[in-house]
Participant: 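Here it is, the structure in full.
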Amino acid sequence: QVQLVESGGGLVQAGGSLSLSCAASGGTFSIYAMGWFRQAPGKEREFVAGIGRSGGNTLYEGSVEGRFTISRDNAKNTVYLQMNNLKPEDTAVYYCNAGTLSRWYVKFIPGDYWGQGTQVTVSS
């Protein structure tokens with residue numbers, strides 16, 4: 001069973017940057033694709049970014065593409081989300097997930113393992 005712990009959230013002004021981390025333990029990290037999701041108050045949880053097992057394939061939700069970068073370090077069992085040019089609409093609780101990529105790497109399929117989330121607040 002995989003345990004995931006997110007960190008790095010906080011309060012930032014619009015246009016600023018934050019870097020999130022998600023540390024995994026209790027399982028074989030490199031067999032999972034990893035994803036980041038977010039949930040704003042009153043809204044459903046939505047996909048943000050995903051990365052394949054080796055880090056060679058990445059996916060992004062349209063509104064974050066070009067601003068966010070997902071990466072991973074399998075030696076450290078950690079996945080990262082670098083967020084630049086943040087906007088107030090990026091405000092949410094951010095969660096990481098251990099899952100899989102679909103065939104042809106066009107979709108991230110979440111698995112059962114979620115972290116507890118980290119709050120990101122972007123002020124205007």
Side-chain angles (χ1 to χ4, degrees):
Q1 187 169 354
V2 177
Q3 290 83 45
L4 302 172
V5 179
E6 302 95 337
S7 61
L11 173 64
V12 65
Q13 289 188 331
S17 298
L18 281 175
S19 181
L20 305 184
S21 299
C22 172
S25 62
T28 304
F29 180 70
S30 60
I31 70 171
Y32 295 100
M34 296 298 297
W36 285 96
F37 289 72
R38 66 186 179 188
Q39 188 166 18
K43 295 188 177 181
E44 293 186 353
R45 191 172 298 189
E46 65 173 0
F47 171 77
V48 175
I51 188 167
R53 292 178 293 177
S54 65
N57 295 286
T58 56
L59 300 172
Y60 296 95
E61 189 271 330
S63 70
V64 309
E65 191 150 17
R67 301 188 296 122
F68 291 11
T69 302
I70 188 171
S71 62
R72 67 188 295 163
D73 186 337
N74 286 348
K76 296 182 178 180
N77 290 351
T78 302
V79 61
Y80 306 95
L81 186 68
Q82 177 65 40
M83 305 185 294
N84 298 327
N85 190 22
L86 282 160
K87 304 176 180 181
E89 51 264 41
D90 295 318
T91 295
V93 178
Y94 283 70
Y95 300 89
C96 66
N97 177 269
T100 59
L101 291 183
S102 68
R103 191 177 184 184
W104 310 122
Y105 313 118
V106 296
K107 185 177 180 180
F108 181 86
I109 302 170
D112 294 332
Y113 304 118
W114 295 90
Q116 83 290 346
T118 186
Q119 176 70 48
V120 171
T121 303
V122 184
S123 64
S124 57

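All values derive from a computational prediction rather than experimental measurement.
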Participant: Please tell me whether Phe37 and Phe47 form a close aromatic pair, meaning their ring centres lie under 6.0 Å apart.
Facilitator: yes
Participant: List the steps, then state whether side-chain contact (heavy atoms from CB on, under 4.5 Å) holds for Phe29 with Asn74.
Facilitator: CA-CA 7 Å; Phe29 180 70; Asn74 286 348; 3.2 Å; yes
Participant: If the plane angle is over 60° it's perpendicular, under 30° parallel, otherwise tilted; pick one for Phe68 and Tyr94.
Facilitator: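 Rings of Phe68 and Tyr94: tilted, as their planes differ by 30° to 60°.
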Participant: Are Arg72 and Tyr80 in a cation-pi setup, meaning NZ or CZ lies under 6.0 angstrom from the ring centre and within 45 degrees of the ring axis?
Facilitator: no
Participant: Locate the shortest heavy-atom distance separating Gly50 from Phe108; write the atom from each residue and the value.
Facilitator: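 Heavy atoms only, the tightest pair is CA-CD1, 4.3 Å.
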Participant: Could you give the distance from CD1 (Ile31) to CZ (Arg53), rounded to the nearest 0.5 Å?
Facilitator: 8.0 Å
Participant: Measure across Gly9 and Leu20 and return the closest heavy-atom pair with its distance rounded to 0.1 Å.
Facilitator: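 Scanning both residues, the minimum pair turns out to be N-CD2, 3.6 Å.
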Participant: Does the side chain of Thr91 come under 3.5 Å of the side chain of Glu89 through a donor N or O and an acceptor N or O?
Facilitator: no
Participant: Using modelled atom types only, decide if a donor and an acceptor are shared between the side chain of Tyr113 and the backbone of Cys96 within a distance under 3.5 Å.
Facilitator: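 Such a contact is absent between Tyr113 side chain and Cys96 backbone.
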Participant: Is the OH atom of Tyr105 crowded by more than 12 outside heavy atoms at less than 6.0 Å?
Facilitator: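 Count not over threshold, so no.
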Participant: To the nearest 0.5 Å, tell me how far Gln13 CD sits from Leu11 CG.
Facilitator: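 Reported value, rounded in 0.5 Å steps: 8.0 Å.
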Participant: Which atoms form the tightest heavy-atom contact between Thr78 and Ser21, and what is the distance?
Facilitator: CG2-CB, 4.3 Å
Participant: Which atoms form the tightest heavy-atom contact between Val2 and Ala24, and what is the distance?
Facilitator: CG1-CB, 4.3 Å
Participant: Under a single-linkage definition using a 4.5 Å side-chain heavy-atom cutoff for Ile, Leu, Val, Met, Phe, Trp and Tyr, are Trp114 and Leu4 assigned to the same hydrophobic cluster?
Facilitator: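 Result: no, two separate clusters.
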Participant: Is there a path of hydrophobic side-chain contacts, each under 4.5 Å between heavy atoms of I, L, V, M, F, W or Y residues, that connects Tyr95 with Leu86?
Facilitator: no
Participant: Rounded to the nearest 0.5 Å, what separation is found between the CD1 atom of Ile109 and the CZ atom of Arg103?
Facilitator: 12.5 Å
Participant: Using modelled atom types and a 3.5 Å cut-off, is there a donor and acceptor pairing between side-chain atoms of Glu6 and backbone atoms of Gly117?
Facilitator: yes
Participant: How far apart are the C-alpha atoms of Thr100 and Tyr32, what are their side-chain angles, what is the distance that settles it, and do they pass the side-chain contact (heavy atoms from CB on, under 4.5 Å) test?
Facilitator: CA-CA 6 Å; Thr100 59; Tyr32 295 100; 5.9 Å; no
Participant: Where the side chain of Ser102 meets the backbone of Lys107, is there a donor-acceptor pair that is under 3.5 Å apart?
Facilitator: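 Yes.
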Participant: Decide if atom CZ of Arg45 counts as having more than 12 heavy atoms of other residues, nucleotides or ligands within a radius under 6.0 Å.
Facilitator: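 Yes, CZ of Arg45 has more than 12 neighbouring heavy atoms, counting only those of other groups under 6.0 Å.
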Participant: If you measure from CD1 on Ile51 to CG on Asn57, what distance do you get to the nearest 0.5 Å?
Facilitator: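 Output value for this atom pair is 8.5 Å.
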Participant: Any donor and acceptor pair, going by atom type alone, linking the side chain of Glu65 with main-chain N or O of Ser63 inside 3.5 Å?
Facilitator: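 No, the answer is negative, given that no donor and acceptor are paired below the 3.5 Å cut-off.
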Participant: Donor-acceptor pair, Arg67 side chain versus Asn85 backbone, under 3.5 Å?
Facilitator: yes
Participant: With distance as the sole criterion, is a donor-acceptor pair present between the side chains of Asn84 and Ser17 under 3.5 Å?
Facilitator: yes
Participant: Please round to the nearest 0.5 Å and tell me the distance separating atom OG of Ser19 and atom CE of Met83.
Facilitator: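 Separation between the atoms: 7.5 Å.
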Participant: Give a yes or no answer on whether the side chain of Gln116 reaches the backbone of Val5 with a donor-acceptor pair at less than 3.5 Å.
Facilitator: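 Side chain of Gln116 to backbone of Val5, a donor-acceptor pair under 3.5 Å: no, none is there.
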Participant: Step by step, would you call Asn97 with Trp36 a side-chain contact (heavy atoms from CB on, under 4.5 Å)?
Facilitator: CA-CA 6 Å; Asn97 177 269; Trp36 285 96; over 6 Å; no
Participant: Counting C-beta onward and ignoring hydrogens, is there a side-chain heavy-atom pair between Leu101 and Leu59 closer than 4.5 Å?
Facilitator: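 Leu101 reaches Leu59 side chain to side chain.
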Participant: For the residue pair Arg38 and Val120, establish whether any side-chain heavy-atom pair is separated by less than 4.5 Å.
Facilitator: no
Participant: Over all heavy atoms of both residues, which pair between Ala14 and Ser124 is shortest? Give the atoms and the distance, please.
Facilitator: CB-CA, 4.3 Å
Participant: Rounded to the nearest 0.5 Å, what's the gap from SG on Cys22 to CD1 on Ile70? Could you check?
Facilitator: 9.5 Å
Participant: Grab the two heavy atoms, one from Gln1 and one from Gln3, that are nearest each other, plus how far apart they are.
Facilitator: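 Minimum heavy-atom contact is O-NE2, 3.3 Å.
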Participant: Donor-acceptor check, side chain of Gln119 to backbone of Gly10, threshold 3.5 angstrom: yes or no?
Facilitator: no
